[in-house]
Number of protein chains: 2
Amino acid sequence: MKIEDEIKQKPFKDAYSKAMVNLLYTNSYLVTGQSRLFKPFGLSPEQYNVLRILRGQHPDPITVSSIQDRMLNKMSNASRLVEKLKQKEMVQRKECAEDRRQVDITITAKGLDTLSQLENEVRKFNKDYIHLSEEEVDQLNNLLDKLRG
Amino acid sequence: MKIEDEIKQKPFKDAYSKAMVNLLYTNSYLVTGQSRLFKPFGLSPEQYNVLRILRGQHPDPITVSSIQDRMLNKMSNASRLVEKLKQKEMVQRKECAEDRRQVDITITAKGLDTLSQLENEVRKFNKDYIHLSEEEVDQLNNLLDKLRG
DNA sequence: TTGTAATAAATGTATATACATTAAATACAT
DNA sequence: ATGTATTTAATGTATATACATTTATTACAA
(Lines give C-alpha, C1' and ligand atoms only; values in the text may rest on other atoms or scores of the structure.)
Protein backbone atom coordinates (compact mmCIF):
# COMPACT_ATOMS: atom_id res chain seq x y z
CA MET A 1 0.00 0.00 0.00
CA LYS A 2 1.17 3.53 -0.68
CA ILE A 3 2.71 5.17 2.33
CA GLU A 4 0.34 8.17 2.12
CA ASP A 5 -2.61 5.83 2.59
CA GLU A 6 -1.01 3.76 5.34
CA ILE A 7 -0.41 6.78 7.52
CA LYS A 8 -3.43 8.69 6.15
CA GLN A 9 -1.54 11.75 5.16
CA LYS A 10 -1.68 14.28 2.37
CA PRO A 11 0.61 13.93 -0.65
CA PHE A 12 4.24 14.69 0.17
CA LYS A 13 5.84 17.94 -0.94
CA ASP A 14 8.69 16.09 -2.64
CA ALA A 15 9.93 12.57 -3.24
CA TYR A 16 12.84 12.93 -0.78
CA SER A 17 10.55 13.78 2.12
CA LYS A 18 8.38 10.87 1.11
CA ALA A 19 11.39 8.55 1.03
CA MET A 20 12.41 9.67 4.51
CA VAL A 21 9.00 8.79 5.95
CA ASN A 22 8.80 5.65 3.84
CA LEU A 23 12.13 4.37 5.17
CA LEU A 24 11.28 5.10 8.81
CA TYR A 25 7.88 3.45 8.41
CA THR A 26 9.32 0.40 6.68
CA ASN A 27 11.94 0.06 9.39
CA SER A 28 9.21 -0.03 11.99
CA TYR A 29 7.40 -2.70 9.98
CA LEU A 30 10.55 -4.83 9.91
CA VAL A 31 11.57 -4.37 13.53
CA THR A 32 8.08 -5.21 14.75
CA GLY A 33 8.26 -8.51 12.86
CA GLN A 34 11.79 -9.25 14.08
CA SER A 35 10.82 -8.57 17.68
CA ARG A 36 8.09 -11.19 17.47
CA LEU A 37 10.44 -13.65 15.80
CA PHE A 38 13.16 -13.35 18.44
CA LYS A 39 10.92 -13.07 21.45
CA PRO A 40 10.53 -16.85 22.10
CA PHE A 41 14.34 -17.00 22.32
CA GLY A 42 14.55 -14.17 24.83
CA LEU A 43 16.44 -11.96 22.40
CA SER A 44 15.82 -8.44 21.14
CA PRO A 45 16.73 -7.57 17.52
CA GLU A 46 19.90 -5.76 18.62
CA GLN A 47 20.96 -8.59 20.90
CA TYR A 48 20.55 -10.99 17.99
CA ASN A 49 22.67 -8.70 15.86
CA VAL A 50 25.47 -8.62 18.44
CA LEU A 51 25.41 -12.42 18.61
CA ARG A 52 25.79 -12.58 14.82
CA ILE A 53 28.77 -10.25 14.99
CA LEU A 54 30.39 -12.46 17.60
CA ARG A 55 29.73 -15.60 15.57
CA GLY A 56 31.47 -13.94 12.63
CA GLN A 57 34.68 -13.86 14.70
CA HIS A 58 34.32 -17.14 16.50
CA PRO A 59 36.45 -18.73 17.90
CA ASP A 60 38.37 -15.46 18.11
CA PRO A 61 37.25 -12.83 20.60
CA ILE A 62 36.38 -9.27 19.67
CA THR A 63 36.53 -6.11 21.77
CA VAL A 64 33.52 -4.09 22.85
CA SER A 65 34.50 -1.18 20.61
CA SER A 66 34.82 -3.45 17.57
CA ILE A 67 31.33 -4.72 18.26
CA GLN A 68 30.14 -1.12 18.39
CA ASP A 69 31.77 -0.42 15.01
CA ARG A 70 29.89 -3.28 13.40
CA MET A 71 26.55 -2.66 14.99
CA LEU A 72 23.65 -1.51 12.87
CA ASN A 73 23.02 1.36 15.19
CA LYS A 74 26.20 3.34 15.71
CA MET A 75 24.75 5.27 18.61
CA SER A 76 23.79 2.18 20.51
CA ASN A 77 25.61 0.89 23.53
CA ALA A 78 27.56 -2.29 22.99
CA SER A 79 28.66 -2.39 26.60
CA ARG A 80 25.15 -2.75 27.94
CA LEU A 81 24.03 -5.19 25.24
CA VAL A 82 26.99 -7.43 26.02
CA GLU A 83 26.02 -7.31 29.69
CA LYS A 84 22.51 -8.49 28.82
CA LEU A 85 23.88 -11.34 26.73
CA LYS A 86 26.27 -12.31 29.50
CA GLN A 87 23.36 -12.59 31.91
CA LYS A 88 21.81 -15.04 29.44
CA GLU A 89 25.17 -16.89 29.32
CA MET A 90 25.43 -16.40 25.57
CA VAL A 91 28.75 -14.52 25.71
CA GLN A 92 31.92 -14.50 27.80
CA ARG A 93 33.87 -11.46 28.89
CA LYS A 94 37.63 -11.50 29.52
CA GLU A 95 40.06 -8.68 30.19
CA CYS A 96 42.42 -8.20 27.27
CA ALA A 97 46.01 -9.05 28.28
CA GLU A 98 47.86 -6.67 25.93
CA ASP A 99 45.64 -3.67 26.69
CA ARG A 100 43.83 -3.74 29.98
CA ARG A 101 41.42 -1.03 28.88
CA GLN A 102 39.90 -3.44 26.43
CA VAL A 103 37.58 -6.36 27.08
CA ASP A 104 37.51 -9.43 24.88
CA ILE A 105 34.09 -10.85 24.16
CA THR A 106 33.49 -14.39 22.88
CA ILE A 107 30.26 -16.14 21.99
CA THR A 108 29.54 -19.25 24.09
CA ALA A 109 28.24 -22.66 22.99
CA LYS A 110 24.83 -21.59 24.24
CA GLY A 111 24.99 -18.46 22.08
CA LEU A 112 26.01 -20.46 19.02
CA ASP A 113 23.29 -22.98 19.66
CA THR A 114 20.64 -20.28 19.92
CA LEU A 115 21.78 -18.76 16.63
CA SER A 116 21.70 -22.09 14.83
CA GLN A 117 18.20 -22.79 16.14
CA LEU A 118 17.14 -19.42 14.73
CA GLU A 119 18.99 -19.66 11.43
CA ASN A 120 16.39 -21.21 9.13
CA GLU A 121 13.54 -19.35 10.73
CA VAL A 122 15.30 -16.03 10.22
CA ARG A 123 16.05 -16.72 6.58
CA LYS A 124 12.44 -17.71 5.95
CA PHE A 125 11.21 -14.66 7.81
CA ASN A 126 13.42 -12.31 5.79
CA LYS A 127 12.25 -13.78 2.51
CA ASP A 128 8.56 -13.91 3.42
CA TYR A 129 8.40 -10.53 5.09
CA ILE A 130 10.04 -8.65 2.22
CA HIS A 131 7.50 -8.86 -0.59
CA LEU A 132 9.89 -8.31 -3.46
CA SER A 133 11.27 -10.43 -6.29
CA GLU A 134 14.97 -11.36 -6.40
CA GLU A 135 15.53 -8.65 -8.97
CA GLU A 136 13.72 -6.02 -6.96
CA VAL A 137 15.53 -6.82 -3.75
CA ASP A 138 18.87 -6.42 -5.54
CA GLN A 139 17.71 -3.06 -6.84
CA LEU A 140 16.72 -2.04 -3.34
CA ASN A 141 20.11 -3.02 -1.95
CA ASN A 142 21.86 -0.94 -4.59
CA LEU A 143 19.68 2.08 -3.93
CA LEU A 144 20.23 1.88 -0.18
CA ASP A 145 24.00 1.56 -0.58
CA LYS A 146 23.98 4.62 -2.81
CA LEU A 147 21.56 6.57 -0.60
CA ARG A 148 24.03 6.77 2.29
CA GLY A 149 26.54 8.44 0.01
CA MET B 1 29.54 2.18 0.41
CA LYS B 2 28.40 -1.43 0.34
CA ILE B 3 26.74 -2.51 3.53
CA GLU B 4 29.10 -5.49 3.95
CA ASP B 5 32.05 -3.10 4.12
CA GLU B 6 30.36 -0.59 6.39
CA ILE B 7 29.65 -3.15 9.04
CA LYS B 8 32.71 -5.28 8.16
CA GLN B 9 30.86 -8.47 7.65
CA LYS B 10 31.10 -11.47 5.38
CA PRO B 11 28.95 -11.67 2.25
CA PHE B 12 25.29 -12.28 3.04
CA LYS B 13 23.71 -15.67 2.46
CA ASP B 14 20.94 -14.17 0.34
CA ALA B 15 19.74 -10.81 -0.94
CA TYR B 16 16.74 -10.74 1.42
CA SER B 17 18.89 -11.06 4.53
CA LYS B 18 21.13 -8.36 3.11
CA ALA B 19 18.14 -6.10 2.50
CA MET B 20 16.96 -6.58 6.06
CA VAL B 21 20.31 -5.46 7.47
CA ASN B 22 20.61 -2.73 4.84
CA LEU B 23 17.23 -1.26 5.78
CA LEU B 24 17.94 -1.32 9.52
CA TYR B 25 21.34 0.25 8.99
CA THR B 26 20.00 2.94 6.67
CA ASN B 27 17.27 3.74 9.18
CA SER B 28 19.89 4.30 11.83
CA TYR B 29 21.79 6.58 9.45
CA LEU B 30 18.65 8.65 8.86
CA VAL B 31 17.48 8.84 12.47
CA THR B 32 20.92 9.91 13.66
CA GLY B 33 20.82 12.81 11.22
CA GLN B 34 17.27 13.74 12.13
CA SER B 35 18.07 13.71 15.84
CA ARG B 36 20.82 16.28 15.28
CA LEU B 37 18.55 18.39 13.09
CA PHE B 38 15.71 18.54 15.63
CA LYS B 39 17.83 18.83 18.74
CA PRO B 40 18.17 22.66 18.72
CA PHE B 41 14.37 22.83 18.74
CA GLY B 42 14.05 20.49 21.70
CA LEU B 43 12.27 17.86 19.63
CA SER B 44 12.93 14.18 19.03
CA PRO B 45 12.18 12.68 15.60
CA GLU B 46 8.96 11.07 16.87
CA GLN B 47 7.81 14.27 18.57
CA TYR B 48 8.35 16.10 15.29
CA ASN B 49 6.31 13.47 13.51
CA VAL B 50 3.40 13.82 15.95
CA LEU B 51 3.45 17.59 15.44
CA ARG B 52 3.24 17.08 11.68
CA ILE B 53 0.24 14.80 12.13
CA LEU B 54 -1.47 17.44 14.24
CA ARG B 55 -0.74 20.17 11.71
CA GLY B 56 -2.35 18.01 9.05
CA GLN B 57 -5.65 18.26 10.96
CA HIS B 58 -5.35 21.82 12.17
CA PRO B 59 -7.54 23.62 13.16
CA ASP B 60 -9.49 20.43 13.88
CA PRO B 61 -8.45 18.29 16.83
CA ILE B 62 -7.55 14.62 16.61
CA THR B 63 -7.80 11.89 19.22
CA VAL B 64 -4.84 10.10 20.77
CA SER B 65 -5.75 6.84 19.05
CA SER B 66 -5.93 8.54 15.65
CA ILE B 67 -2.45 9.93 16.25
CA GLN B 68 -1.29 6.42 17.08
CA ASP B 69 -2.78 5.12 13.79
CA ARG B 70 -0.83 7.66 11.78
CA MET B 71 2.45 7.34 13.59
CA LEU B 72 5.43 5.84 11.83
CA ASN B 73 5.95 3.44 14.65
CA LYS B 74 2.74 1.57 15.38
CA MET B 75 4.07 0.19 18.65
CA SER B 76 4.98 3.57 20.00
CA ASN B 77 3.04 5.37 22.68
CA ALA B 78 1.12 8.39 21.49
CA SER B 79 -0.14 9.14 24.97
CA ARG B 80 3.33 9.77 26.37
CA LEU B 81 4.57 11.67 23.32
CA VAL B 82 1.57 14.00 23.57
CA GLU B 83 2.38 14.55 27.24
CA LYS B 84 5.94 15.59 26.30
CA LEU B 85 4.64 18.01 23.68
CA LYS B 86 2.15 19.44 26.14
CA GLN B 87 4.97 20.16 28.57
CA LYS B 88 6.60 22.16 25.77
CA GLU B 89 3.25 23.92 25.17
CA MET B 90 3.15 22.75 21.56
CA VAL B 91 -0.16 20.91 21.92
CA GLN B 92 -3.42 21.26 23.85
CA ARG B 93 -5.41 18.46 25.38
CA LYS B 94 -9.20 18.58 25.82
CA GLU B 95 -11.66 15.92 26.90
CA CYS B 96 -13.88 14.91 24.00
CA ALA B 97 -17.51 15.93 24.67
CA GLU B 98 -19.26 13.15 22.73
CA ASP B 99 -17.10 10.36 24.10
CA ARG B 100 -15.45 11.03 27.41
CA ARG B 101 -12.99 8.16 26.94
CA GLN B 102 -11.35 10.09 24.14
CA VAL B 103 -9.06 13.08 24.36
CA ASP B 104 -8.91 15.73 21.64
CA ILE B 105 -5.44 17.01 20.83
CA THR B 106 -4.78 20.26 18.96
CA ILE B 107 -1.51 21.84 17.89
CA THR B 108 -0.89 25.29 19.44
CA ALA B 109 0.46 28.45 17.80
CA LYS B 110 3.81 27.65 19.36
CA GLY B 111 3.74 24.18 17.79
CA LEU B 112 2.85 25.59 14.38
CA ASP B 113 5.56 28.20 14.67
CA THR B 114 8.18 25.61 15.53
CA LEU B 115 7.17 23.52 12.51
CA SER B 116 7.35 26.47 10.15
CA GLN B 117 10.80 27.40 11.46
CA LEU B 118 11.90 23.84 10.73
CA GLU B 119 10.20 23.47 7.36
CA ASN B 120 12.88 24.61 4.94
CA GLU B 121 15.67 23.09 6.96
CA VAL B 122 13.92 19.72 6.99
CA ARG B 123 13.33 19.74 3.25
CA LYS B 124 16.96 20.61 2.60
CA PHE B 125 18.11 17.95 5.03
CA ASN B 126 15.98 15.27 3.37
CA LYS B 127 17.28 16.15 -0.07
CA ASP B 128 20.94 16.45 0.96
CA TYR B 129 21.02 13.44 3.21
CA ILE B 130 19.50 11.05 0.66
CA HIS B 131 22.16 10.78 -2.03
CA LEU B 132 19.87 9.71 -4.87
CA SER B 133 18.63 11.28 -8.09
CA GLU B 134 14.94 12.16 -8.51
CA GLU B 135 14.47 9.04 -10.58
CA GLU B 136 16.20 6.81 -8.06
CA VAL B 137 14.26 8.16 -5.12
CA ASP B 138 11.00 7.44 -6.94
CA GLN B 139 12.18 3.90 -7.58
CA LEU B 140 13.03 3.54 -3.90
CA ASN B 141 9.59 4.73 -2.86
CA ASN B 142 7.94 2.21 -5.17
CA LEU B 143 10.08 -0.64 -3.89
CA LEU B 144 9.37 0.23 -0.26
CA ASP B 145 5.62 0.46 -0.86
CA LYS B 146 5.71 -2.95 -2.52
CA LEU B 147 8.02 -4.48 0.11
CA ARG B 148 5.45 -4.16 2.88
CA GLY B 149 3.00 -6.18 0.80
C1' DT C 1 60.17 10.86 33.57
C1' DT C 2 56.34 13.44 34.02
C1' DG C 3 52.40 15.55 32.52
C1' DT C 4 48.94 15.77 28.90
C1' DA C 5 46.28 13.75 25.48
C1' DA C 6 43.87 9.92 23.69
C1' DT C 7 41.41 5.64 24.02
C1' DA C 8 38.26 1.85 25.97
C1' DA C 9 34.65 0.66 28.63
C1' DA C 10 31.28 1.70 31.88
C1' DT C 11 27.78 4.62 33.75
C1' DG C 12 24.17 8.36 34.09
C1' DT C 13 20.05 10.52 32.25
C1' DA C 14 16.41 11.54 29.02
C1' DT C 15 13.73 9.69 25.45
C1' DA C 16 11.51 6.04 22.84
C1' DT C 17 9.93 1.21 21.79
C1' DA C 18 7.50 -3.22 22.91
C1' DC C 19 4.12 -5.10 25.21
C1' DA C 20 1.03 -6.07 29.27
C1' DT C 21 -2.19 -4.24 32.41
C1' DT C 22 -5.47 -1.00 34.42
C1' DA C 23 -9.26 2.35 34.77
C1' DA C 24 -12.95 4.68 32.91
C1' DA C 25 -16.50 5.11 29.63
C1' DT C 26 -19.38 3.32 26.12
C1' DA C 27 -21.76 -0.32 23.29
C1' DC C 28 -24.62 -3.88 23.12
C1' DA C 29 -27.01 -8.31 23.99
C1' DT C 30 -30.22 -10.45 26.94
C1' DA D 1 -32.25 -2.13 32.86
C1' DT D 2 -28.36 -4.84 33.81
C1' DG D 3 -24.30 -7.23 33.06
C1' DT D 4 -20.64 -8.25 29.81
C1' DA D 5 -17.68 -6.95 26.27
C1' DT D 6 -15.24 -3.48 23.92
C1' DT D 7 -12.87 0.74 23.39
C1' DT D 8 -9.79 4.65 24.79
C1' DA D 9 -6.22 6.44 27.24
C1' DA D 10 -2.99 6.04 30.78
C1' DT D 11 0.44 3.53 33.27
C1' DG D 12 4.05 -0.06 34.46
C1' DT D 13 8.25 -2.50 33.19
C1' DA D 14 12.02 -4.07 30.34
C1' DT D 15 14.82 -2.88 26.62
C1' DA D 16 17.18 0.24 23.48
C1' DT D 17 18.81 4.83 21.66
C1' DA D 18 21.22 9.38 22.06
C1' DC D 19 24.53 11.66 24.14
C1' DA D 20 27.42 13.35 28.06
C1' DT D 21 30.48 12.13 31.67
C1' DT D 22 33.62 9.24 34.39
C1' DT D 23 37.32 5.98 35.31
C1' DA D 24 41.13 3.40 34.10
C1' DT D 25 44.74 2.63 31.09
C1' DT D 26 47.92 3.60 27.43
C1' DA D 27 50.43 6.73 24.17
C1' DC D 28 53.34 10.26 23.56
C1' DA D 29 55.61 14.83 23.75
C1' DA D 30 58.38 18.12 26.43
Side-chain angles (χ1 to χ4, degrees), chain A residues 24-25 27-51 61-88 90-91 93-105, chain B residues 24-25 27-51 61-88 90-91 93-105:
Chain A
L24 301 183
Y25 187 73
N27 181 74
S28 167
Y29 163 80
L30 297 173
V31 171
T32 298
Q34 275 202 331
S35 292
R36 289 203 194 104
L37 176 63
F38 297 139
K39 184 144 210 187
F41 296 84
L43 290 175
S44 69
E46 272 307 338
Q47 287 173 13
Y48 169 77
N49 185 46
V50 171
L51 278 188
I62 180 175
T63 65
V64 173
S65 59
S66 292
I67 294 173
Q68 185 83 61
D69 282 346
R70 291 158 201 232
M71 280 174 63
L72 300 179
N73 199 312
K74 296 300 179 215
M75 291 299 134
S76 192
N77 197 313
S79 182
R80 275 186 274 233
L81 285 170
V82 164
E83 173 58 26
K84 289 286 158 63
L85 290 170
K86 198 191 160 203
Q87 281 166 21
K88 298 185 225 275
M90 292 186 185
V91 307
R93 205 158 34 187
K94 202 163 75 72
E95 191 181 79
C96 183
E98 309 92 70
D99 184 342
R100 277 164 44 216
R101 287 172 302 187
Q102 297 187 24
V103 180
D104 276 342
I105 313 296
Chain B
L24 302 183
Y25 186 74
N27 180 76
S28 167
Y29 163 81
L30 297 173
V31 171
T32 299
Q34 275 201 331
S35 292
R36 290 202 193 104
L37 176 63
F38 296 140
K39 184 144 209 191
F41 296 83
L43 290 175
S44 69
E46 272 305 340
Q47 286 173 13
Y48 169 78
N49 185 45
V50 171
L51 278 187
I62 180 175
T63 65
V64 173
S65 61
S66 291
I67 295 173
Q68 185 82 62
D69 282 347
R70 290 158 202 231
M71 281 175 62
L72 300 179
N73 199 312
K74 296 300 181 214
M75 289 301 134
S76 190
N77 197 314
S79 182
R80 276 186 273 232
L81 284 169
V82 164
E83 173 59 26
K84 289 285 157 66
L85 290 170
K86 199 192 160 201
Q87 280 166 23
K88 299 186 224 274
M90 292 186 185
V91 307
R93 202 156 38 185
K94 201 164 77 69
E95 190 182 78
C96 183
E98 309 91 70
D99 184 342
R100 278 163 44 216
R101 284 172 303 188
Q102 298 187 26
V103 180
D104 275 343
I105 313 295

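Order of the sequence lines fixes the chain letters, A, B, ..., with proteins taken first and strands second; residue numbering starts at 1 for each chain.
Between Glu98(A) and Ser66(B), the residue anchored nearer the 5' end of DNA chain D, judged by the nucleotide with its closest heavy atom, is Ser66(B).
Formation of a donor-acceptor pair under 3.5 Å by the Ser35(B) side chain with backbone atoms of Val31(B) is found in this model. Between the Gln47(B) side chain and the Leu85(B) main chain, no donor and acceptor come within less than 3.5 Å of each other.
Atom pair Gln102(A):CD and dT26(D):C1' shows a separation of 10 Å (rounding to whole Å applied). Rounded to an integer number of Å, the gap from Leu30(B) CG to dT17(D) P is 15 Å.
Using a 4.0 Å heavy-atom cutoff across all strands shown, Thr63(A) reaches sugar-phosphate atoms only and no base atom. Within the nucleic acid shown, Gln47(A) comes within 4.0 Å of sugar-phosphate atoms alone, with no base atom in reach, counting heavy atoms only.
Under 4.0 angstrom from either OP1 or OP2 of dA10(C) there lies at least one side-chain N or O belonging to Ser79(A). Between Arg80(A) and dC19(D) there is no side-chain polar atom (N or O) within less than 4.0 angstrom of OP1 or OP2. Contact annotation: Ser65(A) reaches the phosphate of dA9(C) (side-chain N/O to OP1 or OP2, under 4.0 Å). In terms of phosphate contacts, Arg100(A) brings a side-chain nitrogen or oxygen within less than 4.0 Å of OP1 or OP2 of dT25(D). Contact annotation: Lys39(A) does not reach the phosphate of dA18(C) (side-chain N/O to OP1 or OP2, under 4.0 Å). Contact check, Asn77(A) against dG12(C): no side-chain N or O comes under 4.0 Å of OP1 or OP2.
When all heavy atoms are compared, the tightest approach of Val64(A) to Ser79(A) is CG1-N, 3.9 Å. Across every non-hydrogen atom of Gln34(A) and Pro45(A), the tightest pair is OE1-CB, 3.5 Å.
The base of dT25(D) sits within donor-acceptor range of the side chain of Arg101(A), with an N or O pair under 3.5 Å.
Residue Ser76(A) is tested with Val50(A), Asn49(A), Leu81(A), Ile67(A) for a side-chain contact (heavy atoms from CB on, under 4.5 Å); the sole match is Leu81(A).
Side-chain proximity of Val64(A) to dA10(C), dA10(D), dC19(D): nearest is dA10(C). Minimum atom distance to the side chain of Val31(A) is reached by dA18(C), of the listed dT26(C), dA18(C), dC19(C). Closest to the side chain of Ser76(A), from the set dA18(C), dA18(D), dT17(D), is dT17(D).
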